[in-house]
Amino acid sequence: MEKLIISACICGAEVTKEQNPNVPYTVEEIVREAKSAYDAGAAVIHLHVRYDDGTPTQSRERFQECVDAIRKVCPDVIIQPSTGGAAGMTDLERLESTDIEPTPEFATLDCGTCNFGGDEIFVNTDVTIRNFAKIMKEKGIKPELEVFDKGMIDIALKVDKEGLLEHPLHFDFVLGVQMSATVRDLVIMATSIPQDATWTASGIGKHTWNIAAATIAMGGHVRVGFEDNLYLEKGVLAKSNGELVEKVVKLAKLLGREVATPAEARQILSIKPLEK
Ligand code: KMH
Ligand code: ZN
């Protein structure tokens, strides 16, 4: 089976220090969390950034500062800026994270609108999705197609038919936000994408470990991190993103799957190797 790519979503836009004091806000904290995940075996860092008080931002300057600082301690890791940001941000604001130097290799492309808890709606209209896809294609950024339910896979495939995406496609199934998060759900998602596409999955909160284990067994790739889950196990807060990644590495070992380095992850994802 292909080696396992572990993506660490170290920060997110919604979780807070009140929920887990180890959630990073400052540049130093974000770097600390990225390094802990990388040292534990993460090949990809899915990146949101915050101001020091925890407010989520897509500020180009803040992204540049964080990416430069992460690069110093995780020289070859794949950094994947979020273009989702936080619910309520404008498209222009959200796209600032792709406007850094060097141009990101990888970034998220959210493929539909979804309920985000309470009154929050994460809006991605057909126009937004196509505009983001076009910009990423022009800039040579590989999109990770973020899908929160099966309908969003269908939207992504329509956008693909219009020629706005490069092949092979890569999906991230985020289960447990809008769609439920059972192994049946995972199988529906994994069997609804083109055969040559790669995929990552994440189960939110209490669904994290079942989805991670099933994904490893099915040949997909795993995303974990504070953005999706703050607990190492029921009632035990994770001390770092590294602890969450370590648990995935242990699961992979138990199930006989090797973990990919960043260079191997670039190969699996058809991202060109880092220039030396
Ligand atoms: N924070 C969510 C509203 C992404 O990174 O592209 C959007 C999100 C998806 O996290
Ligand atoms: Zn995100």
Side-chain angles (χ1 to χ4, degrees), residues 6-16 19 23-25 30 33-34 37 42 44-51 54-59 62-63 66-67 70 78-100 104-125 128-133 135-136 141-149 152-153 155-156 159 165 169-179 181 199-205 208 211 221-230 241 244:
I6 304 176
S7 297
C9 48
I10 60 171
C11 178
E14 290 82 20
V15 289
T16 64
Q19 297 168 295
V23 170
Y25 293 168
I30 284 175
E33 288 307 309
V44 177
I45 302 293
H46 169 66
L47 190 65
H48 287 256
V49 302
R50 313 281 187 104
Y51 288 122
T55 308
T57 173
Q58 289 290 103
S59 146
R62 191 69 166 188
F63 260 97
C66 289
V67 167
I70 292 171
I78 301 170
I79 301 176
Q80 179 199 70
S82 166
T83 68
M89 287 178 173
T90 66
D91 289 4
L92 274 181
E93 227 176 331
R94 285 167 53 182
L95 283 165
E96 281 195 36
S97 62
T98 63
D99 226 0
I100 57 172
E105 308 171 85
F106 205 16
T108 53
L109 170 55
D110 292 278
C111 294
T113 295
C114 67
N115 283 1
F116 229 73
D119 267 345
E120 294 219 319
I121 301 175
F122 178 39
V123 177
N124 292 285
T125 65
T128 294
I129 299 164
R130 282 160 179 78
N131 185 31
F132 279 36
I135 289 170
M136 286 190 209
I141 302 172
K142 171 136 186 157
E144 176 171 86
L145 303 163
E146 300 279 325
V147 292
F148 293 75
D149 62 29
M152 292 194 198
I153 293 180
I155 293 174
V159 173
L165 301 172
L169 306 180
H170 177 73
F171 289 84
D172 180 34
F173 309 144
V174 187
L175 302 182
V177 176
Q178 173 151 289
M179 186 173 181
W199 59 278
T200 295
S202 181
I204 299 298
T208 297
I211 292 299
H221 304 284
V222 171
R223 172 172 126 164
V224 282
F226 286 159
E227 176 168 349
D228 296 344
N229 169 40
L230 298 163
N241 279 276
L244 298 171

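The first residue of the sequence shown is numbered 1, and numbering continues consecutively from there. Whatever order the structure lists ligands and atoms in, that order sets their numbers, starting from 1. Note that the structure is predicted; figures quoted are calculated from it, not measured.
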* **Plane angle bin for His46 and His48 - parallel if under 30°, tilted between 30 and 60°, otherwise perpendicular** => perpendicular
* Taking only heavy atoms of Ala87 into account, list the atoms of ligand 1 that are under 4.0 Å away from them. => 3 (C)
* To do: Could you find the nearest protein heavy atom to atom 9 (C) of ligand 1 and give me its residue, atom name and distance?
  => Asp110 OD1, 3.3 Å
* Under 4.0 Å from a heavy atom of His46: give me the atoms of ligand 1 that qualify, with their elements. => 5 (O)
* Please answer whether the main-chain N or O of Asn124 pairs with a side-chain N or O of Thr113 as donor and acceptor at a distance below 3.5 Å. => yes
* To do: State if His48 counts as touching ligand 1 under the rule of any non-hydrogen atom under 4.0 Å.
  => yes
* Structure fact -> Vertex the Zn ion (ligand 2), ends His48/NE2 and His46/NE2: angle to nearest 10° comes to 100°
* To do: For the pair Thr208 (side chain) and Asn229 (backbone), establish whether a donor and an acceptor sit closer than 3.5 Å, ignoring hydrogens and angles.
  => no
* Could you tell me whether a side-chain N or O of Arg50 sits under 3.5 Å from a main-chain N or O of Thr57, the two making a donor and an acceptor? => no
* **Close side-chain approach of Leu165 to Leu169, heavy-atom, < 4.5 Å** => yes
* Check whether any side-chain N or O of Glu227 sits under 3.5 Å from a backbone N or O of Cys9 as a donor-acceptor pair, and report yes or no. => no
* Would you say Thr83's side chain and Thr108's backbone share a donor-acceptor pair under 3.5 angstrom? -> yes
* **Identity and distance of the protein heavy atom lying nearest atom 3 (C) of ligand 1** => Glu14 OE2, 3.5 Å
* To do: Would you indicate which of Gly117, Gly85, Ala13, Pro56 comes nearest to atom 1 (N) of ligand 1 when only heavy atoms are counted?
  => Gly85
* Check all N, O or S atoms of Glu227 and name the one closest to the Zn ion (ligand 2). => OE2
* Short side-chain to backbone donor-acceptor contact, Glu33 and Ile10, under 3.5 Å -> no
* To do: Look at the N, O or S atoms of Cys9, main chain and side chain alike, and state whether any lies under 2.8 Å from the Zn ion (ligand 2).
  => no
* To do: Give a yes or no answer on whether the side chain of Asp91 reaches the backbone of Arg94 with a donor-acceptor pair at less than 3.5 Å.
  => no
* Over 60° means perpendicular and under 30° means parallel, so classify the ring planes of His221 and His170, tilted if in between. => tilted
* Asked: Under 3.5 Å, N or O to N or O, is Thr108 touching ligand 1 that way?
  -> yes
* Asked: Which ligand 1 atoms, with their elements, are less than 4.0 angstrom from a heavy-atom of Gly84?
  -> 4 (C), 6 (O)
* What is the closest protein heavy atom to atom 10 (O) of ligand 1, and at what distance does it sit? -> Glu227 OE2, 2.9 Å
* To do: Please report which non-hydrogen protein atom sits nearest to atom 5 (O) of ligand 1, along with the residue it belongs to and the distance in Å to one decimal place.
  => Ser82 OG, 2.7 Å
* Asked: Would you say ligand 1 has an N or O under 3.5 Å from any N or O of Phe116?
  -> no
* Is there a heavy atom in Cys9 that sits closer than 4.0 Å to ligand 1? -> no
